[in-house]
Every structure is written in structure tokens, then in C-alpha cells.
Chemist: 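Below you'll find the structure I mean.
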Amino acid sequence: MSPLSAISNLPSTSYHHPVATPPPNSTKLNPYLPLPQSSTATTSLFTNSSFLPSLPPTSLHRTVVHILDADEIATPRSSPAVSLISRSAQEAYDQALLALRLAQDEDAVVYHFIASGLDGTVHEVENPESWLSEPLGSSPSPNNAAGIDEDPLLAAYEATSLSLLKLTRRAQRPFVHHKAESLRLVVNFLPLSLSVDNVIDVVLAIPAPKEKLRSSLTNVDEVVVVEGGNGKYGTAWASVVDALEGLDVPIRSILVASTTSSSDITAALSASSPITRLGHATTHTIPSTSIAIPSPETTYTNLLSSSPSPLEILNDPAHLAANESTSPLYAFGKAVAIRKERARLVELAKKLLKASTTTKQLHEALSAWLLVRDEPAAAAAGAQVHAAITSIKGDEQELLELGSKGHWTKRALWIVISNAWAADLASSGLHHALASGLDINLLVYETSPSPFSPNGPAQPPKDRKKDLALYALNMGDVYVASVAVYADYAGVINAMREAERYAGPGLVLAYLPWGEKEDGEVVSPQEMAGPLERLRETKRAVSGGWWPMFRWNPSLADDKRFTLDSSHIKAALSEFVDRQSHLSQLTLATPAIDPSVTSSAGTDLVAARKEKARKAYDALLNSLDGPGLLVLYASDGGSAEKVAKRLVGRAKMRGVGATLRVLDEIASSVVDSLAEEKNVLVLTSTAGQGEAPQNGREFNKALAKLTTASNRLAETKITVFGMGDSHYWPRPEDAGYYNKPAKDFFPKLLSLGCAELCPLGLGDDSDPDGYQTGYKPFEASLWRALGVDSVEVAEEKEEVVANEHIKIASDYLRGTILDGLADTTTGAIGASDAQLTKFHGTYMQDDRDIRESLKAQGLEPAYSFMIRVRMPGGVCDSKQWLAMDHISDEHGNGTFKLTTRQTFQFHGIIKAHLKKAMQAINRSLLDTIAACGDVNRNVQCTVNPAFSKTHEAVYNFSKALSEHLLPSTSAYHEIWLDKKKVGGDAVQPLESEPLYGPYYLPRKFKIAVAVPPDNSVDVFTNDVGFIAIVENDEVIGYNVSVGGGMGVTHGNKKTYPRLGDVIGFVTPEEGCKVAEAIMLVQRDNGNRQDRKNARLKYTVDRLTLPKFKALVEERFGKPLARARSYSFNTNLDSYGWAQGHDGRWHFTMFIENGRVEDSSRHQFKSGLKEIAQVHKGQFRLTANQHLILSNVEPADLGEIKRLLAKWGLDNIDHSGLRLSSSACVAFPTCGLAMAESERYLPLLVDKVEKICEEAGIRNDDLVMRMTGCPNGCARPWAAEVAFVGKAPGSYMMMLGGNHTGTRLNKPFLESATEPEILAVLKPMIKRWALERHDGERFGDWTIRAGYIKPTTHGSKFWEESFPAPPPSAPAIMA
């Protein structure tokens, strides 16, 4: 093992400067930063001579500083301090161990200088921790005969050396004297050895061993001290002079630079000069490249660099000269110099204006420059001044020199304060900058998690950066802003621009949780640093009020100085003003209030007696009925709890005295609780990697501690039923996680003395009937064991789905929605109303990023609503686009989504704004009726305006379908518009539903219209599809498909995705009638008992396709015509410009995952807003979440292109993978999401893109889709490769779909994490690039290569799924 590795293995907390060979097991520390200290552990730092001066020596203690490749001894000032020198590999290791003990015992700083080029075998000490912790024993008594005061550190060194000698059998001496017959004694303080006679190689340089040095002076006429350096005299020479004080011997000094050869030193030893200096002084510089700025900080610094006015970060390492520091205090000094020089420039300009010798041309130029000196035009005006100067002397010369330094333009000066590379010791830089009154801006990062974070420790108050805002506000003349880029991107831009414009000091506090960590670094056992976790943590901090977002601008009028940007705080303030009690909304429904506040001891006693009496009565009834049974359950998601409660009810029907408890309730008394029962059933689900659920973990710990059997349990019979998923962990080595809690509990309980009630039961979600496959026989065996299997019981029937009751009782979708909206005590509406509002186009949601932190504070979830617009065919005009943009800002979260069903979707709309948002949508002549719910939803159609005539016909057909199948209830107008119809004839206020009836449909109903060869709408994934048949640019009719649908339930193989089957052909005039007929057959035959099997696809398969077609034709009134031929060649969008038949232009742009927002990656929202203000045509949304600027007149083409380029919206130079990807919303708003999707897919695409680039297929399309749950909003089941969320960070992976939307994919991996996804895709993509046929797409190739079998029908989706992926499949032959 190398000496460096051996030393780094010694027990201490290790850091390293950016040295050439960083040691293992240490953390990188940027230069100029203070070394992190611990009050208990010893700290080690590995550095070199270049970086050592950058280490702030203040407050160092219990620290060892290893200076690698040392060429001289240069000990910074610190007290107490020790300096050691090592010249061999073994000596370096031994001295490092000795240094650790000295630093630990004496609370000292030890500088350990290690010579360069040390090689050789190092004998390490076994268990150095033991030696470091054991007492040293008595130290030797120093020989103090000369009366020299012994340094306590020297005594400690002697004692430690003696102890280490006993441990290693290797002596550690303060110096090594190589004796020889010579009248000259050479004392060597260099890290290298000298080949001269009678030399002392000093090991302990500080403190000098004075007595031992004195004792070495035998028969010596002179002493020569050799050390590194180039000063007036050497510090080592001074220490030797001090040690030999009183002795009559001359002491010469040789100061050696690092470039000196050994022969020069030998020659200097023979000289007689008192001080000899050899070589040239070496200046150690710190290259700017050695200072690493964490990449997360670029989210802010990129905004500075894109600011409209010139700026510079004064302590940016990339712009520092050699030995310039990143210290904020040093940067402030630079700022003062820059501002003084510019002030001098202005002073000179004014002086020259008054001078009689100034020429007219120069006078005019100076006047012009002074007028615009703080504006962008200052640079050009300064150039005019430069050109007007004719005499280069005196004031004019000084003016030119200052101007040439860049002072013609006012420079926006920024100083960054970051714990990662620009620490501000004692806030000295910040204080000087703010108190100076100079025009300097500071950007200060706060990187600590909030107090609500589950992933970080509480932050000490003294380290809180946010408190700096109060300090700055108290000054009165400082611009102050508190911002968070992951919460309000626009607010950050506003703050930075306002700070630059403000003529005075500015402070911008920027929240960047874990900003010092690179993406992928661990922040807690559960999470790693990355954009998603930073976003979630930011939301916790902002929503909890820990990180307020505001701006304070002293230059504005009094009533406009303070701007509050925290939406949550603004909402709270508004509601506090609007109503008397805001707390009623924020507190839990049952607050945890001390009983003494609300009741007396007497009332508590009465309540306790009543509860005891009730339990006694229940126990009496149960004892009369039959055998007792205690059911203990542990459940995270609620499934096991539901099964347990249902089992208790069924047991009581059989006369069993069943009771129900949570498993953890008996954790404190497992044996006592079980001994009281005769029959016990433990029912548990499985969490994580085979862990017990949260409410069963204490029981699990308590059970593990029980080791001996108890006679008290002899009368207790036990059984266990477990619920899990055998395919959740696809790796063979992880198979043991399946139902692990149940399999652990059962034998353990039997070993403790319990008898078996019935055998262990296991339910597997991957079975055809899910857990029921194992549960049904288990329950039957339980009844037999209890002796109640012969009891005849009328089994309760499966209750009709609650949604059906809600619809029937809703009075045609009215319910109590108006009452719920009027209730200001909560941000939510009732559960039934939440189902009904879906029919009106809105879902109630809550912010899942902060759900747990709000719960921990005793607050209700951050409820908000999603609104989906009904917009058949996805077409709107510019005024409507601007209205949507305004609605997202005024009522939503500042963004909106282009969905896969070609419409707009808003998120983050609080209840108080819900009605206002609905009315604003209606004023734009759009609505939200039937955008969600068990009705026909937004009708899609192919968007290809280049074929103007065909597209117009298809678009009108889509609108007609949507209007024809619209619900007729007037509830929408009554609730949202106060019965005031604003525009259009979309809804007629009738009192009945001629099409839907009071029950409406069993489930949602979707229709799409496609125009071959373009299948971008994925027509076969819809309940009903219309495929346009075009002849001579005329649509002559449509092939009709039925039975498509994407929704699936994880673990339930009775659910599956399905593509539609073509059943015939109709004319355009018959389209609405056949759609109605299909919908009514589904209305009357769909499964209303089980919503998981209620979609039309299951109705078609249950009835069979011929029977279903016959029922449709019966309602249609005649047989359907034979289907016409057609073909599809793509389901992707065609990007870029295209000209239609009518001469107008159309541009298809890329909108990543349909999210219209401004971010560090894109400026979609601002750019499209400006375009909408001038665009005279339409905006057309695609089914792949992108956008077409349609019908651009040739005369307007230049202006539209200019605006697209201005905002970067004309950039379609993305990889084929990114252009072909799409994702649903998922976290944080979707209540069904199990994993990330929209926020995560771009990050995954970044990594897969690199694989594609390495394989040379960057521009090849590869349809990749992701959803957060199996409901399939982004149509993942029809993609070439897809990921469907199962749990945070875990996805089911599918392969084998095609690029035309005509073949489903098939499950490939049951549960894959990102590393597993990349490990699978990398070799697969490389093989595809090498082995594919011409034009062969990825999905087709994966089938041909044998990775996956094709899915020939939806009902066969699960067949041959989850094959074992071949680790290195052989190449296939063409």
C-alpha cells in the first residue's frame, strides 16, 4: 500500500485540497475555505506548499495538516503548533500516527511536511484506534540541567514517541544525527536528505528540542543551518540560535530555494558568509481551475450572466489572477478599488469640461458621456471621448488610462458568498460591503434544509443565512431580496435586475438546499441530491414560511418598497383579512389539545367509564357468540388494513368474537398481550426491501429481542397472512424480500411457544387475482381452524362502487359543490363533491412534496385544484392563448400544461380562485365541461395544417363529435357562471340527460380522429377511433375502431392496456350517430361494479368483438360498411416550418413534456406570450404535448421567425430521443402518482442521450414515455420503451412497442431504478445501432433481437412478461 493510502486510512475526518493525487477516504476542500472542525474527532487535511497559505489558520485545533511533496518548512502562525518532517515512506506513516495522537491529546495543530517521491512498503499498525484511545503512561523526565524551560508540547512529543516505540518497535526521535569526524555541524531543516558529513536531519522542527541540540555540540567549531526560504533570515536558524544561546560557536544560515541543486548546497557549506541564499524564490500560485464551484450554483449564476447589463463576479475563480483569493472580503477590496477608479474617471471628465484648454469636440463627447454614463450607451459614448482626445498628457492621459480599464461603462459588481468555495469568515465581507454604501451586490447562498425536512439535521441559529436579511433591512439603504429559484424563477430574475439597477449596496439571499453537493451525492439515507429533491425541499421551506420570498427596494415610493413573492404567505395574509378565523383552515380536524384546557377530571372519568362499559359489553357479546380472535394488522398503503377490517366483519357474522388492533399497539408488551388471547391472526403487508410497514416496525423490533420461549403462550394459537408482490424485486438475489415480514413473524412466534392456528398464508399481487389468489384458501382454512366453517352465512355482496351512488344522488352533477366552495374553513371540498367536480373539468389535489411536513405541523394538506379545458382538436386563437397565460399567473402556479389530449391544464389553483378561474376560461369562449369524469372527454384530431383542406374537415368533424356527446345538465352554468352564459352554445340548460341518463357512463370515454399516415394521436389507444379515408384531398369517410384504452392496475393481471379494433366504415355525416351508438352500448353494458374493469375495452372483450359490433349496429340502425385500406408511418410530430396548400406557414415547436413555463432550461412562457401579442393565426396543440404556430401569413413570417429566435423557441436541434419523449404531470400534484414523471424524465433523457451519442444515433427517433402511475395519461403502453411508476425512484420498464402506435409494448422489468435502467439500455442501444436493418426502429429490433415477445392483443399483455434480460446476448444475423 502506498504511504498516502496508508496515512489516509488512519482514523480521522479527512479533507484534501485539490492536490495532484488526492488520497482516498477524504473529502475535497476548496482553497481559501476554513477547515471544518469537530469538538470530538481529530481532523486531517492533505495539502501542498501551493495551497497551504490559503488555509485560514484561525481557530484550528485537533488538526493534522499533511503537506505533500514539501520543499521547505513554512509553518503558518497558530498556537499551539507542532511541525514534523518525514523523509521516508515508513517515517511518514509513523509520524502521521504520532501527529494524530499529539493533536488529539494536546488540542494542537500539527503540520506534517512529507518529502516528495516517497515509495516503498509501509508496515501499518493493527487497530490504531486502540492505541489512540489508551492512556500513554508516565512520560520521561526531561534532562533540564542547563536550566532551559521545557516546552509542554516537547514533553508531550517525548511521551507519545515512547508509547509509539512500544507499539511499533520503531524509534521516533526529534532528530537523527549522522555523526562523523567534522568540525562543522550541519542542521538540516529541508525535507530532503543531505549527503554531507556530521549532519542532523531534523524531524521535530517546532518546538525545537533545545537541550538535545546543545548536547550534540561536541568538538564543533561552527554550526550551519540549512532550510528552505528566501527571506531576510530563516526561522529555523533563529530557533537554533535561541537553543544554542550562550555557547561560543558561530551559526551560519543557508536559505535554499526549491530549484537549488544538491551540489550548490554542498558548495555553500564550504563558504564563510553568515547568510547564503541559493536559487531563485519560487512563487506558489493557486490556479483558478483548482477551485471547484458546485454545479447546482449555476442555476443562479447563469441568470447573472444572462442579465441585460454588464456584470462581473469579483471572486469568480475563472477570472482571478494568480494568488487572488475567492474570499468575499478580498473581493470587497477589489470592488472598492474599481468604484474609486470610476469615481475618479467621472471627476476627471467634469474637470476637463471646465478647463479652458479642452477642445470643442472633446467637450461635446465628455458631455454626452456624462449624461449616459450609467446606461448601456455609455460604452459607445466613451469610445467617442477616446477618439476626441488629441493631447495624451496630464488629466487627459489619466482619463484614457482609466477608460481603457473598462470604466467607461458602469460595471455591475457582484460578490458571491458560498460555504462551498467563498466562505465569508465572521461575515466580514458582507458587513463591509453593506456598510460602505457603494454600488456592490452580494449573492448569498443558503444551502441548509428547512426545519421541516425529513432529510437533514436542524440548522444552528448562528449558521442561518436568512437572518442576514434582517441585518440588511435595518440599515435602511440596502436593496434586499430573498429568493428561491426552485419556487419562483421569475422572482429571481426580477430581484437580480432590480439589484443591478439600484444605486447602492444590494443583498440577494438565494435558497439552494444542498447546493454544496453535486447531483447524486447522498443527503440522507432516503434521498440523494438532485433537482427534484432541491425542488421538494424548497417547497417545504417556502410553504412552511421558513424561507420567505420578498424584495425590498429603498428607491421606490414608501407604499411600493416591499414586494412579497411567497404565494403561500400572500394567500395566508389575504385570507386573514377576508375572514375572522384563518386558523380553522390550517389546523387538524381533531387538534391535539391538552384535555385540561377543555374539560375537567370529572368529565374525563365519565368518558372513561363509558368506554370501559362499552368494551365490556362487546366482550360479553363476543364470548356468547363463539371463539375469540384478535386480528393484528400492519399496513402502509391501507390495503392490509382494509382486508383486516373486512375479515373482522366476516368473522363476526360467523359468531367469532373478533377484535382489531394495530400491530404496534402491542409492541411494548408482546408476550402479555398475546397470552391474553386464544386465537391471533397477524396480517401484514410488505414495505421497502422486505421491511415491516411503519405501524408494525416497533413490533418487529420488540419481537426480535425475544429469545426464549414462554410457557404463558402455550394456550395461544397464532397464524399469519402476508401481502406482497413477488415481482417487485426482479433480481434473483432480492427474492427473499417477498413477504419477508410475514415469513419472519410466523416462525418466530411459533418459536416463542405459540401453537399454530392454521398454516402461513401469502398473498401475491402478481397472481392473476392479486392477493385474493392466496387469501381465499387461507380464509377458508382459518374458518376451519376456528370451527366455524360449517356456519351458514349470507355473504355480503360486493357493494356497488361509491361513484355510482354519488352520480345518482348528485341531481345531475350538482351535488353540494356550491356549499363546498362557500366553506372558508378548509381549502378542500367534500369527497363526493370532489368526484362530481371532475365532470366539470377540475380535480382536487394537494401538494405532495410538502404533505408530510404540513401534517407534522398540524396543518391540513396544501389543497389546490387542477382545471382542464375542453378544446376539441386542440385549436385556439391568440387572444385565447393570452387568456390562458393570464389565468395561469392570476389564479394558478404561473405555468400551464399542454396535455396529451390536446388541451390546456392548470395547476395550483386554490379554492378561493376556482370559480374565478372557471369564469375567466368561459370569458375566453372556452369551457371545461366534460374535460374529466365518466363522460366523453376532449376529442382529439390529427394536427397537420400543411394539408389545409383535409385538416379543416377533420377539425370540424372533431368539434361536431364533442358537441354532440356533451352532457346536457345546466349544473355547470349554475355553479360556475351563476347561470350567465357568456358565449357559445356548448351547453343547453336542460333538466335531463337524454344521452347519459342520471348514471352517466361507467367510466371515462375517449375519442380521437387520425389522418393517415400520421398517427400522432395514437388513435387505437382511445375507446373510439375515427381514421380518415382521404381521396383527392377530400375526406370521404372514416374507419371506426373500438376498444382502446391505457389504464392498468399494478399487480392486477385482469387489467391490461388494449388497442382498438376496426369494426367498419362510416361517412362523415354518420360519424356522430355511430359514436353515440358505441357510447350507449357502453353505457348499458359496461361494468359498474368494478371501476378497474369498467372501460369499454373490457366490455368489448367480455361481450366479444362480434357481439359488441352487433349491438352497435342495432343502435346505429344498419350494418357498418366494410373498412377501407389505410396505413400509418409515424406517431410523432414533424418539427420545423411547413407551408400549407393555401400558402400560409406553420411552425411545429418542441415544448418539453408540454410544460409552458420559464425556467433555466427554457423560456416558453414569456416567448409565447410575446408571439401571441402579434400572431394573427392559431395555436394548435399536438397529442405529443407540443405546439404548432399555425396560419402565419407570408407577410408576417419574418417577424414570427425573429421572435422565435429571440426566445430560443426555434431550437429543434434536440436529440431524436428527446423530441420523441413525453411524460404526464405526476408529482407533486397528481394524487394517483406513485413516482416522478414530468420532473424526472428530462433528467433521465439527459443520461440516455449520452448513450445514444456514444452509439452514433443521436438524431434517431426513439419513442420513450413515462408516467407516474399505471393509468397511462402519456400513453406509455404504446411506446417503444416506457417507464411506469411503482414507487418513488422505481419503475416498471416496457419494451417492444412500435413507432406507428399499432402495437403495444410488454413488461420487461418489474421494478427498475435509474442505475438498472441505464445498465439495461446502454448495451441494448449500442447493439441496436450496430445490428439494425435499414430503417429498423428500436421497438421492432428489441423483438427481433429476442429481448421481448410481441404483444399481439391487449389480453395477452401479461403473457411472457418480465423475461430475464440476457446479460450479453449474442449478435443476431441480418
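Numbers here are sequence positions counted from 1. All heavy atoms count here, side chains included; hydrogens, waters and symmetry mates do not.
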Chemist: Does Lys807 reach the main-chain N or O of Leu1001 with its side chain, forming a donor-acceptor pair under 3.5 Å?
Modeler: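 Yes, the answer is positive, given that a donor and an acceptor are paired below the 3.5 Å cut-off.
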Chemist: Under 3.5 Å, is there a donor-acceptor pair between the side chain of Thr900 and the main chain of Cys1273?
Modeler: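 Yes, the answer is positive, given that a donor and an acceptor are paired below the 3.5 Å cut-off.
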Chemist: Indicate yes or no for a side-chain donor-acceptor contact from Arg848 to the backbone of Cys1230 under 3.5 Å, with no hydrogens or angles considered.
Modeler: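 Pair found, side chain donor or acceptor close to backbone of Cys1230.
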Chemist: Are Thr716 and Glu677 close enough, and set up right, to give a side chain to side chain donor-acceptor pair (under 3.5 Å), and what steps lead you there?
Modeler: CA-CA 6 Å; Thr716 301; Glu677 305 293 335; over 6 Å; no
Chemist: Looking only at side-chain N and O atoms, does Ser726 offer a donor or acceptor that is under 3.5 Å from a partner on Asp764?
Modeler: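 Side-chain D/A pair, Asp764 to Ser726: present.
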Chemist: Knowing that exactly one of Lys838, Lys1004, Arg1091 qualifies, which makes a salt bridge (Lys or Arg N to Asp or Glu O under 4.0 Å) with Asp934?
Modeler: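 The option that passes is Arg1091.
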Chemist: Can you tell me how far CG of Leu1059 sits from NZ of Lys1097, rounded to the nearest 0.5 angstrom?
Modeler: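 Lys1097 atom NZ to Leu1059 atom CG measures 10.0 Å (nearest 0.5 Å).
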Chemist: Hey, does the side chain of Thr686 reach the backbone of Met723 with a donor-acceptor pair shorter than 3.5 angstrom?
Modeler: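 Yes.
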Chemist: Output, in order, the C-alpha distance, side-chain angles, deciding distance and verdict of side chain to side chain contact (heavy atoms under 4.5 Å, CB included) for Met1264 and Val1248.
Modeler: CA-CA 10 Å; Met1264 177 185 287; Val1248 181; 4.2 Å; yes
Chemist: Are the side chain of Glu1316 and the backbone of Thr1313 linked by a donor-acceptor contact shorter than 3.5 Å?
Modeler: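 Yes.
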Chemist: Do Asn1153 and Glu1238 have side-chain N/O donor and acceptor atoms under 3.5 Å apart?
Modeler: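 Per modelled atom types, Asn1153 and Glu1238 side chains form no pair under 3.5 Å.
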Chemist: Can you tell me how far the CG atom of Asp1061 sits from the OG atom of Ser1041, to the nearest 0.5 Å?
Modeler: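 Reported value, rounded in 0.5 Å steps: 8.0 Å.
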Chemist: Between Arg901 and Asn1022, do the side chains contain an N or O donor and an N or O acceptor separated by less than 3.5 Å?
Modeler: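 Present: a donor and an acceptor within the cut-off.
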Chemist: Would the distance check show the side chain of Thr719 and the main-chain N or O of Cys758 forming a donor-acceptor pair, the cut-off being under 3.5 Å?
Modeler: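 Flag set: sc Thr719 to bb Cys758 pair under 3.5 Å.
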Chemist: What do you reckon, is NZ of Lys717 surrounded by more than 12 foreign heavy atoms closer than 6.0 Å?
Modeler: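 Incorrect, the count does not exceed 12.
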Chemist: Work out which heavy atom in Glu1314 is nearest to a heavy atom in Lys1247; give both atom names and the distance.
Modeler: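 The pair with the smallest heavy-atom distance is OE2-NZ, 2.5 Å.
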Chemist: Is the distance between the ring centroids of Tyr1240 and Tyr1291 under 6.0 Å?
Modeler: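 Yes, they do, as the ring centres are separated by less than 6.0 Å.
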Chemist: How about Glu1280 and Met1294: do any of their side-chain heavy atoms sit closer than 4.5 Å?
Modeler: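 No. Closest side-chain heavy atoms not under 4.5 Å.
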Chemist: Can a donor-acceptor pair be found between the side chains of Ser524 and Glu527 at a distance below 3.5 Å?
Modeler: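 Not at all, the side chains of Ser524 and Glu527 share no donor-acceptor pair under 3.5 Å.
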Chemist: Find the distance between CG (Leu1321) and CG (Leu1295) and round it off to the nearest 0.5 Å.
Modeler: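 If we round to the nearest 0.5 Å, Leu1321:CG and Leu1295:CG are 7.5 Å apart.
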Chemist: Answer whether the closest heavy-atom distance between the side chains of Lys1053 and Tyr1056 falls below 4.5 Å.
Modeler: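 No. Closest side-chain heavy atoms not under 4.5 Å.
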Chemist: Tell me if the aromatic rings of Trp1277 and Phe1357 count as close, with their centers under 6.0 Å from one another.
Modeler: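 Centroid distance Trp1277-Phe1357: below 6.0 Å, so yes.
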Chemist: Report yes if some heavy atom in the side chain of Val1320 is under 4.5 Å from a heavy atom in the side chain of Met1293; otherwise report no.
Modeler: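 Yes; the side chains approach each other to less than 4.5 Å.
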Chemist: Give me the atom names and distance for the closest heavy-atom approach of Gly722 to Asn739.
Modeler: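 Closest pair (atom of Gly722, atom of Asn739, distance): C-OD1, 3.0 Å.
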Chemist: Under a 4.0 Å threshold between the charged nitrogen and the carboxylate oxygen, would Lys1286 count as salt-bridged to Asp725?
Modeler: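 A salt bridge links Asp725 with Lys1286.
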Chemist: Inspect the contact between Arg536 and Asp847 and indicate whether a charged nitrogen and a carboxylate oxygen are less than 4.0 angstrom apart.
Modeler: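 Salt bridge: no.
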Chemist: State whether the side chain of Arg697 and the backbone N or O of Ala692 hold a donor-acceptor pair below 3.5 Å, judged by distance alone.
Modeler: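 At least one qualifying donor-acceptor pair exists.
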Chemist: Please indicate whether Lys1322 has more than 12 foreign heavy atoms, meaning atoms of other residues, nucleotides or ligands, lying under 6.0 Å from its NZ.
Modeler: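 Result for NZ/Lys1322: open.
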Chemist: Give a yes or no on whether the backbone of Ser635 and the side-chain of Asn695 come within a donor-acceptor separation of less than 3.5 Å.
Modeler: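 Yes.
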Chemist: Is it true that Tyr775 and Phe721 have ring centroids separated by less than 6.0 Å?
Modeler: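 Yes, ring centres under 6.0 Å apart.
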Chemist: Distance check, rounded to the nearest 0.5 Å: Leu674 atom CG versus Leu749 atom CG?
Modeler: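 Leu674 CG to Leu749 CG: 6.5 Å, rounded to 0.5 Å.
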Chemist: Salt bridge between Arg650 and Glu779, side-chain N to carboxylate O under 4.0 Å?
Modeler: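 Result for this pair is yes, salt bridge flagged.
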Chemist: For Phe778 versus Leu681, what's the shortest heavy-atom pair and its separation?
Modeler: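 Taking Phe778 first and Leu681 second, the nearest heavy atoms are CZ-CD1, 3.6 Å.
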Chemist: Will you find, in the side chains of Gln845 and Ser864, an N or O donor that is under 3.5 Å from an N or O acceptor?
Modeler: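 Short answer, no.
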Chemist: Please report the shortest heavy-atom distance between Ala1226 and Glu1236, naming the atom on each side.
Modeler: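 Smallest heavy-atom distance, with atoms named: CB-C, 4.2 Å.
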Chemist: Do the non-hydrogen side-chain atoms of Thr659 and Leu630 ever get within less than 4.5 Å of each other?
Modeler: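 They are in side-chain contact.
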Chemist: Applying the side-chain contact (heavy atoms from CB on, under 4.5 Å) criterion to Cys1269, which one of Leu1232, Thr1049, Val1048 satisfies it?
Modeler: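 Filter result, single survivor: Leu1232.
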Chemist: Looking at side-chain heavy atoms only, is the closest gap between Val662 and Leu632 below 4.5 Å?
Modeler: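 No, too far: nothing below the 4.5 Å cut-off.
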Chemist: Using side chain to side chain donor-acceptor pair (under 3.5 Å), reason through Asn1298 and Thr1302 one step at a time and then give a plain yes or no.
Modeler: CA-CA 7 Å; Asn1298 64 11; Thr1302 56; 2.8 Å; yes
Chemist: Mind checking the CD-CD spacing from Glu804 to Gln1089? Nearest 0.5 Å is all I need.
Modeler: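 Glu804 CD to Gln1089 CD: 8.5 Å, rounded to 0.5 Å.
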Chemist: Taking the basic N atoms (NZ, or NE/NH1/NH2) and the acidic carboxylate oxygens, is any pair closer than 4.0 Å for Arg1239 and Asp849?
Modeler: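 Between Asp849 and Arg1239 there is a salt bridge, with a charged N closer than 4.0 Å to a carboxylate O.
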Chemist: Which atoms form the tightest heavy-atom contact between Thr684 and Ala640, and what is the distance?
Modeler: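 Minimum heavy-atom separation between Thr684 and Ala640: C-CB, 4.4 Å.
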Chemist: Under 6.0 Å from the NZ atom of Lys743, do we count more than 12 heavy atoms belonging to anything else shown?
Modeler: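 Check passes, neighbour count above 12.
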Chemist: Taking NZ in Lys740 as the centre, count heavy atoms belonging to other residues, nucleotides or ligands within less than 6.0 Å. Is the count above 12?
Modeler: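 Incorrect, the count does not exceed 12.
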Chemist: Does a donor on one side chain sit under 3.5 Å from an acceptor on the other, for Ser1311 and Ser1290?
Modeler: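 The criterion, which ignores hydrogens and geometry beyond distance, is satisfied for Ser1290 and Ser1311.
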Chemist: For a salt bridge (Lys or Arg N to Asp or Glu O under 4.0 Å) check, start with the C-alpha distance between Asp1340 and Arg1303, then their side-chain angles and the critical distance, and finish with the verdict.
Modeler: CA-CA 10 Å; Asp1340 299 328; Arg1303 182 178 66 232; 2.7 Å; yes
Chemist: Is Asp664 close to Asn700 at the side-chain level, that is, under 4.5 Å between some pair of heavy atoms?
Modeler: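 Sidechains of Asp664 and Asn700: no contact.
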Chemist: Name all residues meeting the salt bridge (Lys or Arg N to Asp or Glu O under 4.0 Å) criterion together with Arg1102; count only those two or more places apart in sequence or in a different chain, and write none if there are none.
Modeler: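 Here no residue qualifies.
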Chemist: Kindly indicate whether the side chain of Leu706, heavy atoms from C-beta on, has any atom under 4.5 Å from the side chain of Val670.
Modeler: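 Answer yes - side chains close enough.
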Chemist: Could you give the distance from CE (Met528) to CD (Glu533), rounded to the nearest 0.5 Å?
Modeler: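 The CD atom of Glu533 is 10.5 Å from CE of Met528, to the nearest 0.5 Å.
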Chemist: Could you check if a side-chain atom of Lys652 sits within less than 4.5 angstrom of a side-chain atom of Val656, using non-hydrogen atoms only?
Modeler: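 No, every pair of side-chain atoms sits at 4.5 Å or beyond.
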Chemist: Do you know the tightest heavy-atom contact between Ser1355 and Asp1101?
Modeler: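 Distance-wise, the nearest heavy atoms are CB-OD2, 4.5 Å.
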Chemist: Salt bridge or not between Asp1023 and Lys1006? Use side-chain N to carboxylate O under 4.0 Å.
Modeler: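 Between Lys1006 and Asp1023 there is no salt bridge, as every charged N stays at least 4.0 Å from the carboxylate O atoms.
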Chemist: Walk me through it: do Phe1308 and Phe1362 pass the test side chain to side chain contact (heavy atoms under 4.5 Å, CB included)?
Modeler: CA-CA 4 Å; Phe1308 182 70; Phe1362 309 123; over 6 Å; no
Chemist: Would Asn803 and Arg1088 satisfy side chain to side chain contact (heavy atoms under 4.5 Å, CB included), going step by step from the backbone distance to the final call?
Modeler: CA-CA 9 Å; Asn803 293 63; Arg1088 294 180 183 268; over 6 Å; no
